[in-house]
Protein chains: 2
Amino acid sequence: MPFQRLPDSPRGHITREALIQAALGIFGRDGFDAASTRAIAAAAGANQALIGYHFGGKEGLYLAVFEHIADRLGEQVLPVATSIKAQFQGRGTRTLNREARIGLYLPPLLRLLDTFTAVLVGEEAAGWARLILREQHSPSRAFDVLYARIMGPLTDIVGQLLAGAVGGAPDATRINLLLFTTLGQALTFRAARASVLRRMGWQEIGPRELAAVQGQIRRNVAAIVRAEAGR
Amino acid sequence: MPFQRLPDSPRGHITREALIQAALGIFGRDGFDAASTRAIAAAAGANQALIGYHFGGKEGLYLAVFEHIADRLGEQVLPVATSIKAQFQGRGTRTLNREARIGLYLPPLLRLLDTFTAVLVGEEAAGWARLILREQHSPSRAFDVLYARIMGPLTDIVGQLLAGAVGGAPDATRINLLLFTTLGQALTFRAARASVLRRMGWQEIGPRELAAVQGQIRRNVAAIVRAEAGR
DNA sequence: GTCTATAGTCGGATAGAC
DNA sequence: GTCTATCCGACTATAGAC
């Protein structure tokens, strides 16, 4: 007996979503402090007082924006990540030799990094980046949301793949250093974007440039993993 | 006949410096928008109206802060960089074989990266980072100052060392991709600091942690360079 | 749930005395 | 060069009608 579930009070729900969407854009463009609730309300086509009603205030809206970011990021990178994870469920690595380990774990690692890089330099992440980097500098409750839902699961999986490829415990310091130096290779193209564009002479990081970046990261990570596995 | 040179109007000069110093701290902690000229003046022990007098306004002070950052960064990384550069003045790379190139260019590259990493994760860069990352997202005139005086020269030298080690033109796309993926390995530990600390279980990135990071980056870059030079 | 109106604050800039 | 005093705009939050 299939029937359409009614969203609880449709009007309010629509307003909420519009405000979050607008806030994402304005917070992302101007940063938390420079963004005004007036501008957000205007962009959402909603009344400024409704921010107080729906989210309690500017900070509450900011937190709701991070929930939204976590949703979207989760949709984009976690499916790839968890499908890979499932593939290796409960598989021991002790029995494999060096070449077998690399052959098994490196390809999915490189695929996951491709996805991560694409999301990171993509259009949509531009606004998120400013907010996320702000949280990295002075973490608030929003960082907890982000870490629990995205950073944690993501680093877990990349760490497991790295550990599988080079051998060792997934949470050992050595693997974690490998992990962050690996992710950092992609992160630069977002965090140091202006410097990259200026030196490269690029106007944007479009599909062509993305492919070049992904290729370089692939080669780098392959080289690193082979070197680290070689002892 | 040695005599003390009088700074041009001593009082004003002292006030200027105090304001810049205070602004560095407050802009760095709170960001440009959240920082107030009142708080900066208070921290400097100066009068709020003097910001207008000396710098024309908040934005002028912000720019002056970047000049200061460029000064300090220049003192910390450029000496190492230029001493290395002098060492390779006018040296051609065509005549060297693979092993000779690596032996010649890799060690100074790794030394320079050590310095870069140390400065980046160091205490003093904490405040700068927020401001610099903001400029990477939406570059203003302050970015021009920073790029011309620091990022440009630094990337030039690292690019030359990489080009020397793997062979090729220093400004080719391939070298530039190598360059940014290399620098990015250090950048993460500043830009994604909160995530690093949480996953690593570190309280701070002190001398011990810095050494571990530097070691990993050394091994990574060595592996990458050897792989890239190998064709 | 949505609106108007406004209270209450705080910010950057600046005039003008010293 | 430095200070006090103040202007004026912009902001967030909220009271209260609908």
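Quick caveat, the model's predicted, so the values are computed rather than measured.
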Can you sort out the partners of [X] under side-chain contact (heavy atoms from CB on, under 4.5 Å), two or more places apart, ordered by chain and number?
{"X": "B:A148", "value": "none"}
{"X": "A:A18", "value": "A:A44"}
{"X": "B:L187", "value": "A:T188, A:A191, A:A192, B:L120, B:A191"}

Polar atoms only, N or O, under 3.5 Å: list the protein pairs with nucleotides 2-4 of chain C and their distances.
unit_1: C:dT2; atom_1: OP1; unit_2: A:R11; atom_2: O; d: 3.3
unit_1: C:dT2; atom_1: OP1; unit_2: A:T15; atom_2: OG1; d: 2.5
unit_1: C:dT2; atom_1: OP2; unit_2: A:T15; atom_2: OG1; d: 3.4
unit_1: C:dT2; atom_1: OP2; unit_2: A:H54; atom_2: NE2; d: 2.8
unit_1: C:dC3; atom_1: OP2; unit_2: A:N47; atom_2: N; d: 3.4
unit_1: C:dT4; atom_1: OP2; unit_2: A:N47; atom_2: ND2; d: 3.2

> Counting only non-hydrogen atoms, which of residues 30-40 of chain B are less than 4.0 Å from DNA chain C?
Replying inline: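 Contacting residues: B:A35, B:S36, B:T37, B:R38.
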Interatomic distance where [atom1] belongs to [X] and [atom2] belongs to [N] [whole Å]:
{"X": "B:I51", "N": "D:dT4", "atom1": "CD1", "atom2": "P", "result": "14 Å"}
{"X": "B:K58", "N": "D:dA10", "atom1": "NZ", "atom2": "C1'", "result": "13 Å"}
{"X": "A:E59", "N": "D:dA13", "atom1": "CD", "atom2": "C1'", "result": "13 Å"}
{"X": "B:F55", "N": "C:dG12", "atom1": "CZ", "atom2": "P", "result": "15 Å"}

Side chains of residues 48-55 of chain A: which donor-acceptor pairs under 3.5 Å do they make with residues two or more places apart or in other chains?
unit_1: A:Q48; atom_1: NE2; unit_2: A:T37; atom_2: OG1; d: 3.2

> B:Y147: what forms a ring pair (Phe, Tyr, Trp, His ring centres under 6.0 Å) with it, not counting sequence neighbours?
Replying inline: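 Ring pair (Phe, Tyr, Trp, His ring centres under 6.0 Å) list for B:Y147, sorted by chain: B:F143.
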> What residues form a side-chain hydrogen bond (donor to acceptor under 3.5 Å, both in side chains) with A:D156, not counting sequence neighbours?
Replying inline: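 Counting only residues at least two positions away or on another chain, A:D156 forms a side-chain hydrogen bond (donor to acceptor under 3.5 Å, both in side chains) with B:R199.
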Indicate every side-chain donor-acceptor pair of residues 60-74 of chain B with a distance under 3.5 Å to a residue at least two apart or in another chain.
unit_1: B:Y62; atom_1: OH; unit_2: B:R134; atom_2: NE; d: 3.2
unit_1: B:Y62; atom_1: OH; unit_2: B:E135; atom_2: OE2; d: 2.6
unit_1: B:E67; atom_1: OE1; unit_2: B:R149; atom_2: NH1; d: 3.2
unit_1: B:D71; atom_1: OD1; unit_2: B:R149; atom_2: NH1; d: 3.4
unit_1: B:D71; atom_1: OD1; unit_2: B:R149; atom_2: NH2; d: 2.4
unit_1: B:R72; atom_1: NE; unit_2: B:E124; atom_2: OE2; d: 3.0
unit_1: B:R72; atom_1: NH1; unit_2: B:E75; atom_2: OE1; d: 2.6
unit_1: B:R72; atom_1: NH2; unit_2: B:E124; atom_2: OE1; d: 3.1
unit_1: B:R72; atom_1: NH2; unit_2: B:E124; atom_2: OE2; d: 3.0

> Nearest heavy-atom pair of B:I205 and B:R193: which atoms, and what distance?
Replying inline: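 Scanning both residues, the minimum pair turns out to be N-NH2, 3.9 Å.
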